[in-house]
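First the structure, in the form of structure tokens, and then the observations on it.
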Amino acid sequence: MAASASSTIHISTKPSRTSLSWKTHFASSPAFAVSPLRGHRQYPRFVIFAMGAKPTVLVAEKLGEAGVSLLKEFADVDCSYNLTPEELCNKISLCDALIVRSGTKVSREVFESSGGRLKVVGRAGVGIDNVDLAAATEHGCLVVNAPTANTVAAAEHGIALLTAMARNIAQADASVKAGKWLRNKYVGVSLVGKTLAVMGFGKVGSEVARRAKGLGMHVIAHDPYAPADRARAIGVELVSFDEAIASADFISLHMPLTPATNKILNDETFAKMKKGVRIVNVARGGVIDEDALVRALDAGIVAQAALDVFTVEPPKDSKLVQHENVTATPHLGASTMEAQEGVAIEIAEAVVGALNGELAATAVNAPMVPAEVLSELKPFVALAEKLGRLAVQLVAGGSGVKSVKVTYGSARAPDDLDTRLLRAMITKGLIEPISNAFVNLVNADFTAKQRGLRIAEERFLLNGSPESPLEFIQVHISSVESKFASALSDSGEIRVEGRVKDGIPHLTKVGSFEVDVSLEGSIILCRQVDQPGMIGKVGSILSEENVNVSFMSVGRIAPRKHAIMAIGVDEQPTNESLKRIGEIPAVEEFVYLKI
Ligand SMILES: NC(=O)c1ccc[n+]([C@@H]2O[C@H](COP(=O)([O-])OP(=O)(O)OC[C@H]3O[C@@H](n4cnc5c(N)ncnc54)[C@H](O)[C@@H]3O)[C@@H](O)[C@H]2O)c1
Ligand SMILES: O=C(O)[C@H](O)COP(=O)(O)O
């Protein structure tokens with residue numbers, strides 16, 4: 001760290017106050033208050049909507065009443081079901097949030113058609129395979145889901161399919177209704193003592209395992225990412241994929257659909273199973289190669305299958321659903337009254353919270369920052385963005401920024417400072433003034449990467465009490481020219497430093513000069529030959545135009561040598577006034593910066 005020999009005088013002309021608006025800023029003003037929601041985490045808020053400007057939420061699939069009512073307290077709610085993809089694309093530019101279940105494809109076209117208005121997609125359920133997450137992130141749209149409220153419903157449906165399949169309930173019911181009485185045909189198989197392989201030992205899988213044990217089954221599970229002690233706690237042994245499928249009498253699928261699980265049950269894996277195995281799928285249709293399943297059923301390798309989910313829904317492959325050894329339900333796993341009310345409330349709260357700028361606990365495409373970390377970093381978030389915004393305006397040309405280093409000065413241990421939020425806000429400050437991009441926590445890293453902007457972070461460990469998470473933030477931009485040469489540090493990079501004082505972000509260093517100016521309104525930076533009367537000369541030019549000076553600070557290397565004057569102004573001075581400031585004989589260079 002370059003030590004500065006400069007000294008600082010600062011003159012405050014009026015008390016300062018932070019009053020900020022979306023897109024990045026925290027607001028505590030009652031004008032932005034929202035009705036309290038049950039169980040809401042008290043995150044600092046990034047306000048999107050001011051009082052009076054109600055957001056519009058499009059609910060594109062049936063959502064439990066409790067959730068709709070909750071949404072209506074805060075937003076205009078448009079419940080339009082069964083939209084075609086074209087209708088959805090047409091409507092979406094009028095919506096701030098979209099809520100779907102698994103039946104709506106939220107494709108790239110949807111994000112592109114939204115014209116940047118869509119800020120949140122809420123998936124009222126677990127699986128987000130119907131949402132194009134990459135496109136959402138690129139468009140700065142947060143995706144949240146409701147991952148817990150339908151777990152038990154899905155597990156109960158899995159068990160219902162397992163028992164119904166073993167006893168031919170669906171087929172027998174259909175035959176009785178058709179006037180038949182086929183007692184010999186529908187002899188079933190028993191569950192007790194049989195081996196059930198649970199594939200995917202997450203929320204649903206573990207609930208299925210627990211219930212199957214209650215039915216007297218021997219339960220094993222395969223899940224490369226599940227902790228063995230969680231399985232052990234409910235008496236389940238975790239085994240390899242091959243061991244699971246080779247030893248199971250019943251296989252129940254509970255993994256997400258990912259590139260790794262796509263068609264994980266196929267000709268090759270069916271061939272490794274016990275002849276007469278029975279399969280339940282309440283996860284996702286795509287984890288089974290459906291053509292291969294038909295072949296395995298025809299060959300008797302698979303005796304029966306009970307399927308709630310299909311590769312394409314509703315399923316087009318009639319050979320599979322019409323197969324006499326297949327029991328099919330129309331994706332009903334989450335469809336109980338209780339689960340749907342729970343999911344509706346869970347997603348409504350997440351969407352309203354996200355529209356209020358709270359970082360949703362169930363965010364799928366944004367880093368989750370714990371509430372306590374957030375509240376600590378709150379004052380530094382505005383500082384981070386302002387420093388980025390200031391630094392980029394000092395670049396001559398403004399668009400050749402490729403390499404940025406951020407230094408965090410902190411007395412905290414290096415692993416005790418989560419800087420993702422700060423980095424995102426610095427990125428926002430760096431990019432937004434020189435582009436029409438909208439940058440937020442969701443898309444900051446992506447947008448930086450897209451623009452070839454490399455942001456390196458370093459910690460500067462300070463002595464002293466680690467009560468505050470940070471002492472200062474420095475933003476360095478290397479390999480660029482500056483329109484204000486004094487902003488260049490000894491090593492030739494643009495450098496600005498800021499600190500938080502009494503909760504207000506301050507600019508505390510420009511290049512090697514120490515200053516102290518509150519980061520509000522706009523700033524004029526002047527380099528001058530240090531001499532009496534300079535403050536008065538600049539002040540009187542501004543006052544002639546009724547431009548209010550909010551803060552003024554002079555940093556100098558030594559008396560009567562070069563000094564930097566940082567002047568905070570509430571209004572934008574005219575070009576004429578700025579020209580006159582530049583013409584003061586002692587002024588060597590100056591720059592006007594909007595924060
Ligand atoms: N039919 C329905 O209506 C319904 C309802 C709820 C959930 N689901 C689906 O059920 C599935 C599970 O949901 P959940 O809430 O239990 O999710 P979860 O994330 O809690 O559990 C999924 C588990 O799968 C594991 N897994 C990932 N890749 C795996 C692999 N290659 N092999 C084995 N295991 C793997 C994960 O480690 C995790 O433990 C999801 O696909 C979800 O969409 C369907
Ligand atoms: O992933 C899920 O949550 C389930 O598949 C439920 O989907 P659904 O909300 O469309 O019933």
Side-chain angles (χ1 to χ4, degrees), residues 59-64 67 81-82 99-106 122-131 143-162 197-211 220-228 230-231 236 238-245 248 251-266 269 280-288 306-311 313-315 328-344 346-347 350 362 364:
V59 179
E61 287 180 72
K62 184 93 183 81
L63 191 69
Y81 309 141
N82 304 318
I99 294 183
V100 296
R101 288 177 62 185
S102 60
T104 305
K105 280 249 164 301
V106 190
R123 161 62 170 111
V126 186
I128 29 89
D129 39 318
N130 53 323
V131 181
V143 180
V144 289
N145 71 349
T148 57
N150 66 22
T151 298
V152 166
E156 287 178 349
H157 198 66
I159 294 292
L161 286 177
L162 181 80
V198 171
M199 310 299 282
F201 197 71
K203 294 186 291 297
V204 179
S206 51
E207 288 303 320
V208 165
R210 210 188 295 277
R211 284 159 176 75
I220 55 175
H222 168 69
D223 186 328
Y225 317 107
R230 183 150 54 85
V236 171
L238 283 178
V239 298
S240 69
F241 179 84
D242 280 353
E243 189 180 342
I245 61 166
I251 293 174
S252 195
L253 299 169
H254 301 290
M255 64 260 277
L257 178 61
T258 65
T261 62
N262 188 27
K263 295 191 179 170
I264 200 166
L265 297 197
N266 51 42
T269 50
V280 175
N281 188 6
V282 290
R284 281 295 177 267
V287 301
I288 299 181
L307 310 171
D308 184 45
V309 285
F310 301 87
T311 305
E313 294 181 357
T329 50
H331 202 147
L332 288 181
S335 296
T336 62
M337 307 290 283
E338 296 82 355
Q340 282 313 305
E341 281 303 288
V343 164
E346 198 177 352
I347 202 63
T362 59
V364 175

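Both backbone and side-chain heavy atoms feed into the values below; hydrogens, waters and symmetry mates do not. Treat the numbers as computed from the prediction; the structure is a model and nothing was measured. Counting starts at 1 for both ligands and their atoms, in listed order. Heads up: numbering here begins at 1 and tracks the sequence.
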Side-chain donor or acceptor of [X] paired with backbone N/O of [Y] under 3.5 Å:
X	Y	result
Arg284	Asp129	no
Thr261	Ile264	no
Thr362	Ala146	no
Glu313	His331	no
Gln340	Ala334	yes
Ser102	Gly127	no
His222	Val239	yes

From [atom], work out which of [options] has a heavy atom at the shortest distance.
atom	options	result
atom 5 (C) of ligand 1	Ala149, Gly125, Ala154	Ala154
atom 12 (C) of ligand 1	Lys203, Arg284, His254, Arg123	His254
atom 3 (O) of ligand 1	Ala334, Ala260, Ala153, Gly205	Ala334

Quick one: nearest non-hydrogen protein atom to [atom], plus distance?
atom	value
atom 7 (C) of ligand 1	Val126 CG2, 3.9 Å
atom 38 (C) of ligand 1	Asp223 OD2, 3.4 Å
atom 28 (N) of ligand 1	Tyr225 CE1, 3.4 Å
atom 21 (O) of ligand 1	Gly202 CA, 3.3 Å
atom 40 (C) of ligand 1	Met255 O, 3.9 Å
atom 34 (N) of ligand 1	Gly200 CA, 3.5 Å
atom 33 (C) of ligand 1	Pro224 CD, 3.4 Å
atom 31 (N) of ligand 1	Thr261 CG2, 3.3 Å

Fill in: Closest approach of Gly125 to Asn150 (non-hydrogen atoms, all atoms of both residues)
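So the two residues come closest at CA-ND2, 3.8 Å.
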
Worksheet item: Which heavy-atom pair separates Ala124 from Ile347 by the least distance, and what is that distance?
Response: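 Closest approach of Ala124 to Ile347: CB-CG2, 3.9 Å.
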
So which bit of [X] gets within less than 4.0 Å of ligand 1, heavy atoms only: side chain, backbone, both or neither?
X	value
Pro256	both
Phe241	neither
Asn150	side chain
Val204	both
His331	side chain

Looking only at N/O atoms, are [X] and ligand 1 under 3.5 Å apart anywhere?
X	value
Leu257	no
Ala226	no
Val282	yes
Asp308	yes

Numbered atoms of ligand 1 (with element) below 4.0 Å of [X], judged on heavy atoms:
X	result
Phe201	39 (O)
Gly127	43 (O)
His222	32 (N), 33 (C), 34 (N)

Worksheet item: Would Arg210 and Val198 count as a side chain to side chain contact (heavy atoms under 4.5 Å, CB included) if you check the C-alpha gap in whole Å, the side-chain angles of each, and the deciding distance to 0.1 Å?
Response: CA-CA 11 Å; Arg210 210 188 295 277; Val198 171; over 6 Å; no

Fill in: Spacing of Thr104 atom OG1 and Glu61 atom CD [to the nearest 0.5 Å]
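If we round to the nearest 0.5 Å, Thr104:OG1 and Glu61:CD are 3.5 Å apart.
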
Discussion item. Under a 4.0 Å threshold between the charged nitrogen and the carboxylate oxygen, would Lys203 count as salt-bridged to Glu207?
Written reply: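 No.
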
Discussion item. Using the rule given for side chain to side chain contact (heavy atoms under 4.5 Å, CB included), can you reason through Val309 versus Val282, listing the C-alpha separation, both sets of side-chain angles and the distance that settles it, and then say yes or no?
Written reply: CA-CA 6 Å; Val309 285; Val282 290; 5.6 Å; no

Fill in: Test log, rule side chain to side chain contact (heavy atoms under 4.5 Å, CB included), inputs Leu307 and Ile288
CA-CA 10 Å; Leu307 310 171; Ile288 299 181; 4.2 Å; yes

Worksheet item: Pick one: which of Leu253, Ile251, Leu265 meets side-chain contact (heavy atoms from CB on, under 4.5 Å) with Asn281?
Response: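 Running side-chain contact (heavy atoms from CB on, under 4.5 Å) over Leu253, Ile251, Leu265 with Asn281 returns exactly one hit, Leu253.
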
Worksheet item: Hey, which residues fall under 4.0 Å of ligand 2 on heavy atoms?
Response: Arg101, Ser102, Arg123, Ala124, Gly125, Val126, Gly127, Asn150, Arg284, His331, Ala334

Worksheet entry | Pair Met199-His254, side chain to side chain contact (heavy atoms under 4.5 Å, CB included): steps then yes or no | CA-CA 6 Å; Met199 310 299 282; His254 301 290; over 6 Å; no

Practice prompt. Identify, with sequence neighbours excluded, every residue that meets side-chain hydrogen bond (donor to acceptor under 3.5 Å, both in side chains) alongside Thr329.
Written response: His157, Asp308

